[in-house]
Amino acid sequence: MLISQQKFEKIYQDELTPKQKKALPFFLAGQTDEQIAKQLGATHRSTASHQLRNISTKFGFPPETEPDSRCNLIEMFAKYKPELVSVKALEKCGHIIQNIRFPEGMEPLNSAFYQERSPTESRCYTAIKEPGALIRIKAPKQMGKTSLLKRIIAEAKKSSYSTVYLNFSLIQKNKFTNANDFLRSFYAYVINQLPSAPPLTVWDIDTPSMVNCTLTFQSLLKQLDGVLVLALDPTFRTSKCIIYLFNKNS
C-alpha cells in the first residue's frame with residue numbers, strides 16, 4: 001500500500017540525503033545501477049544499489065521485497081510526481097504497475113508523457129509574437145494537438161497576453177445549425193474568459209449575425225490592453241486546432 005501524499009512529500013523534501021537526492025532522478029529516468037554509479041562518481045554498481053535500497057526503505061518498501069520495491073517506488077512517484085518518471089522507467093516495471101495513468105487526452109504542462117516535436121514548439125512560440133499571427137495545428141486524432149495548444153497558450157501568458165481557449169465540443173451541437181445562435185454562443189464563451197469584454201447586450205437582434213460578431217470583436221479589441229490570443233479546439237469536428245492573435249492594429 002502506498003503512503004499518503006503528505007507523508008510522501010515530507011520524505012521527499014526532508015529525509016533524503018544529498019547522495020540519495022542525486023541518485024533518485026537517474027533511477028526515475030530509467031538508468032541502470034551501473035549508469036547511476038558512474039553519475040555518482042563511484043566505481044561499483046553496489047554504490048547505486050545501496051542508495052536505492054535506502055531510498056526504497058524510507059518510502060516504506062523494505063529491501064527484502066526487491067525487485068518489487070523498486071517498481072513500487074516508481075509507481076509511487078508516477079502517482080505523486082509523474083513529471084519525474086520517464087517512460088523508460090515505467091517500461092521496466094510493466095509487469096507489476098497496473099494503476100499508472102498512461103497518456104490519454106490533453107497532457108498537463110508538467111507531464112512526463114508529453115513529447116516535444118522540435119522545432120514545432122519553438123516555431124509556434126515565435127509565431128505568437130508576430131502581430132496578426134495565425135497558427136494551424138493539423139494532425140490525426142490523439143497526436144497531441146490539444147496538449148501543444150495548451151503549451152502555446154502558456155507561452156502567450158508569459159508575455160502577458162490575454163488568452164481565450166474555446167473547445168467546440170462544449171457548445172451544444174444544435175447551436176451549429178444557426179449562424180446567429182452559434183456566434184452568440186461563441187461570443188458568450190469569450191466573455192466568460194475575458195471579464196473586460198463588452199457584454200452580450202450589445203448584440204443587436206436586427207443586425208446580421210456576422211456584422212454583430214464583427215462589431216462586438218472590434219469593440220473588444222478597442223478596449224483590449226495588449227494582445228489577445230484566441231485558441232480554437234474543434235475536437236469533435238476536425239483534425240485541426242487554430243490559434244489567432246489579435247491586437248488593436250490587426
Side-chain angles (χ1 to χ4, degrees), residues 83 103-111 114 120-139 141-205 207-250:
E83 67 274 14
E104 182 178 1
M106 195 279 293
E107 284 300 306
L109 296 179
N110 64 350
S111 173
Y114 180 76
T120 300
E121 284 82 3
S122 59
R123 289 175 62 189
C124 291
Y125 300 157
T126 299
I128 60 171
K129 301 184 186 302
E130 298 293 331
L134 168 63
I135 301 173
R136 292 188 181 92
I137 304 170
K138 184 176 181 180
K141 291 182 179 180
Q142 298 182 329
M143 290 297 291
K145 297 184 298 298
T146 299
S147 296
L148 173 57
L149 194 67
K150 290 290 188 177
R151 283 157 177 78
I152 296 172
I153 293 172
E155 189 70 19
K157 289 180 177 179
K158 290 180 183 178
S159 299
S160 299
Y161 293 171
S162 299
T163 62
V164 173
Y165 169 70
L166 173 57
N167 186 333
F168 279 96
S169 65
L170 299 180
I171 297 180
Q172 300 97 310
K173 291 186 179 181
N174 63 349
K175 298 291 187 182
F176 290 90
T177 60
N178 181 282
N180 190 67
D181 289 346
F182 168 72
L183 291 172
R184 280 179 61 88
S185 297
F186 178 90
Y187 188 69
Y189 205 132
V190 172
I191 291 174
N192 286 333
Q193 297 186 50
L194 285 180
S196 62
L200 197 55
T201 53
V202 301
W203 198 280
D204 187 348
I205 60 173
T207 302
S209 55
M210 289 298 294
V211 176
N212 259 325
C213 190
T214 300
L215 293 175
T216 50
F217 265 92
Q218 286 176 343
S219 179
L220 165 62
L221 293 174
K222 287 178 181 178
Q223 296 183 26
L224 192 65
D225 183 18
V227 177
L228 170 63
V229 174
L230 177 60
L232 307 181
D233 190 357
T235 52
F236 75 90
R237 296 180 64 84
T238 73
S239 59
K240 293 182 182 179
C241 294
I242 303 173
I243 298 175
Y244 296 96
L245 186 141
F246 299 95
N247 56 27
K248 294 180 180 180
N249 298 319
S250 295

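Numbers here are sequence positions counted from 1.
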* Asked: Are any non-hydrogen side-chain atoms of I171 and L166 less than 4.5 angstrom apart?
  -> yes

* **Spatial distance of atom CZ (F186) from atom CG (L230) [nearest 0.5 Å]** => 4.5 Å

* Please identify each residue that fulfils side chain to side chain donor-acceptor pair (under 3.5 Å) with E121, with sequence neighbours left out. => Y114

* Structure fact -> Rounded to the nearest 0.5 Å, the CG atom of L220 sits from the CD1 atom of I191 at a distance of 9.0 Å

* What distance separates T120 OG1 from I137 CD1, expressed to the nearest 0.5 Å? -> 9.5 Å

* In Å and rounded to the nearest 0.5 Å, what is the OG1 to CG distance from T146 to N167? -> 7.0 Å

* **K138 side, atom NZ; I242 side, atom CD1 - distance, nearest 0.5 Å** => 11.0 Å

* Asked: If you look at every heavy atom in K145 and A139, which pair is closest and at what distance?
  -> NZ-O, 3.4 Å

* **Criterion side-chain contact (heavy atoms from CB on, under 4.5 Å) against I243, the qualifying member of V229, L148, D233** => V229

Name every donor-acceptor pair, under 3.5 Å, that has one atom in a side chain of residues 152-163 and the other anywhere in the protein, sequence neighbours excluded.
residue : atom : partner : partner atom : Å
S159    : OG   : K129    : NZ           : 3.1

* **Contacts of type side chain to side chain donor-acceptor pair (under 3.5 Å), residue N178, not counting sequence neighbours** => none

* Asked: Taking all atoms of both residues into account, what is the closest heavy-atom pair of Y187 and A197, and its distance?
  -> OH-CB, 3.9 Å

With a 3.5 Å cut-off and sequence neighbours excluded, list the donor-acceptor pairs that the side chains of residues 210-219 form with protein atoms.
residue : atom : partner : partner atom : Å
N212    : OD1  : D204    : N            : 3.1
N212    : ND2  : D204    : O            : 2.5
N212    : ND2  : T207    : O            : 3.2
T214    : OG1  : M210    : O            : 2.9
T216    : OG1  : N212    : O            : 2.9
T216    : OG1  : C213    : O            : 2.9

* Structure fact -> By side-chain contact (heavy atoms from CB on, under 4.5 Å), E130 pairs with (sequence neighbours left out) A133

* Looking at NZ of K173 and CZ of F182, how far apart are the two atoms once the value is rounded to the nearest 0.5 Å? -> 14.5 Å

* Residue pairs, two or more places apart or on separate chains, that pass salt bridge (Lys or Arg N to Asp or Glu O under 4.0 Å) and touch residues 190-203 -> none

